[in-house]
Amino acid sequence: MPRISDTRRAANRAAILDAARRCFARDGFHQTSMPDLVAEAGISAGAFYRYFTGKDELIAEIAREAFAGLGETVVGRMQDLAAPSAAEVVEVLTALLVGDSITVGDRTIDVDEQVRIALQAWAEIGRNAELQGEAGRGLDGLAAAVADALARGQGAGRVPAGLDPDDGARLLLCLLPGAILQRAASGRDVATAVRRAATALLGG
C-alpha cells in the first residue's frame with residue numbers, strides 16, 4: 001500500500017474526529033459504538049485503527065479540544081482587547097456561543113453540536129484524572145487572560161478600581177457553564193441575552 005502524505009493523513013484524522021463529534025453529540029460518548037463511528041466516518045474498522053487506538057482515545061481528543069482548543073481561541077481574542085470594559089470581556093467570553101456556527105482555525109464547528117459535546121466533556125472529567133488536569137489548566141489559563149483584560153480596563157478607567165481582577169475573572173467565567181447548559185436545554189441563543197444584560201449591568 002503506498003504511503004500517504006502527512007497532509008492527507010492529517011485530513012483523514014480530522015475527518016474521523018468530525019464524524020465522531022457528530023456521533024457523540026447525537027448519541028453520547030458512551031452510547032456510541034465502534035460500528036456507529038466507522039459508519040459515520042465512511043471507513044472500515046481497519047482504517048480507523050490506523051489513526052486511533054479506540055473510542056476512548058477519540059473521547060479524550062474531543063474532550064481535550066473542548067477544554068483547550070476552544071479555550072486557546074478565546075484567550076487569543078481576549079489578548080486582543082486593548083482596554084475593555086467588563087461587558088466587552090463578557091462579549092468575547094460568550095462569542096463562541098452566539099449564532100449557529102463558529103470558526104476555529106480552518107474549521108467550522110456547529111455551535112449546538114459543540115454545546116452537547118461540552119456538557120459531556122465536563123462529565124468526563126469526573127472519571128478521567130488526566131482530562132481533569134487539562135480542564136483545570138485550561139480554565140486557569142482562561143481566567144488569567146480575563147484577569148489581565150480586566151486589569152487593562154481598570155488602567156483605562158473602564159473597570160471599577162475596587163475590583164480584584166482575579167476575582168472578577170472567576171465571576172465572569174461562571175457565566176459560561178450557565179450559558180452552555182441553557183443553550184443545550186432550550187436550544188436558544190442565550191449568549192446574546194447574557195451580553196445585553198452584561199452591557200446594562202456592567203456598562204459598555
Side-chain angles (χ1 to χ4, degrees), residues 21 25 62-125 131-204:
R21 194 178 294 103
I62 288 173
R64 189 175 295 114
E65 178 188 69
F67 296 132
L70 297 180
E72 289 170 4
T73 299
V74 176
V75 167
R77 295 178 183 180
M78 200 67 65
Q79 291 170 341
D80 289 338
L81 296 175
S85 67
E88 288 168 342
V89 170
V90 171
E91 183 172 345
V92 170
L93 270 179
T94 58
L96 297 185
L97 295 174
V98 174
D100 296 323
S101 64
I102 53 177
T103 300
V104 179
D106 59 354
R107 294 174 49 233
T108 299
I109 298 175
D110 180 270
V111 171
D112 288 316
E113 184 177 280
Q114 187 60 34
V115 160
R116 291 191 290 272
I117 291 292
L119 288 178
Q120 296 177 75
W122 280 113
E124 197 67 15
I125 66 175
L131 280 179
Q132 184 181 36
E134 291 191 20
R137 288 188 293 274
L139 282 173
D140 286 345
L142 186 52
V146 172
D148 287 345
L150 290 173
R152 293 194 299 275
Q154 279 182 326
R158 303 193 67 203
V159 172
L163 175 70
D164 181 297
D166 292 323
D167 292 346
R170 293 297 176 178
L171 172 63
L172 295 185
L173 283 183
C174 288
L175 295 173
L176 272 180
I180 289 170
L181 181 60
Q182 289 186 70
R183 175 138 187 173
S186 68
R188 294 177 52 213
D189 177 6
V190 298
T192 299
V194 168
R195 295 163 100 175
R196 286 197 304 265
T199 299
L201 291 170
L202 304 173

So which heavy atom on [X] is nearest to which on [Y], and how close?
X: Val159; Y: Ala86; result: CG2-N, 3.9 Å
X: Pro84; Y: Val89; result: CG-CG2, 3.8 Å
X: Pro165; Y: Leu150; result: O-CD1, 3.7 Å
X: Ala169; Y: Ala143; result: CB-O, 3.4 Å
X: Glu113; Y: Ala25; result: CG-CB, 3.5 Å
X: Val194; Y: Val90; result: CG1-CG1, 4.0 Å

[atom1]-[atom2] distance between [X] and [Y], expressed to the nearest 0.5 angstrom:
X: Leu81; Y: Met78; atom1: CG; atom2: CE; answer: 6.0 Å
X: Leu172; Y: Leu142; atom1: CG; atom2: CG; answer: 10.0 Å
X: Ile180; Y: Gln114; atom1: CD1; atom2: CD; answer: 8.5 Å
X: Ile117; Y: Ile62; atom1: CD1; atom2: CD1; answer: 5.5 Å

- How would you list all residue pairs meeting salt bridge (charged side-chain N to carboxylate O under 4.0 Å, His left out) that involve residues 132-146, not counting sequence neighbours?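 Salt bridge (charged side-chain N to carboxylate O under 4.0 Å, His left out) check on residues 132-146 returns Arg64-Glu134, Asp140-Arg170.
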- Message: So Leu93 and Leu175, do their side chains get closer than 4.5 Å, heavy atoms only?
- Response: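 Sidechains of Leu93 and Leu175: no contact.
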- Pairs where residues 171-180 contributes a residue and the test side-chain hydrogen bond (donor to acceptor under 3.5 Å, both in side chains) is met, not counting sequence neighbours: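 Output for this query is empty, none listed.
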- Determine yes or no for a side-chain-to-main-chain donor-acceptor pair under 3.5 angstrom, with Arg183 supplying the side chain and Leu97 the backbone.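 Judged by distance alone, yes, a pair lies under 3.5 Å.
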- Pick from Arg77, Arg158, Arg152: which one makes a salt bridge (Lys or Arg N to Asp or Glu O under 4.0 Å) with Glu88? Arg158
- Query: Which residues satisfy the side-chain hydrogen bond (donor to acceptor under 3.5 Å, both in side chains) test with Glu91, sequence neighbours excluded?
  - Reply: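 Here the qualifying residues are Arg195.
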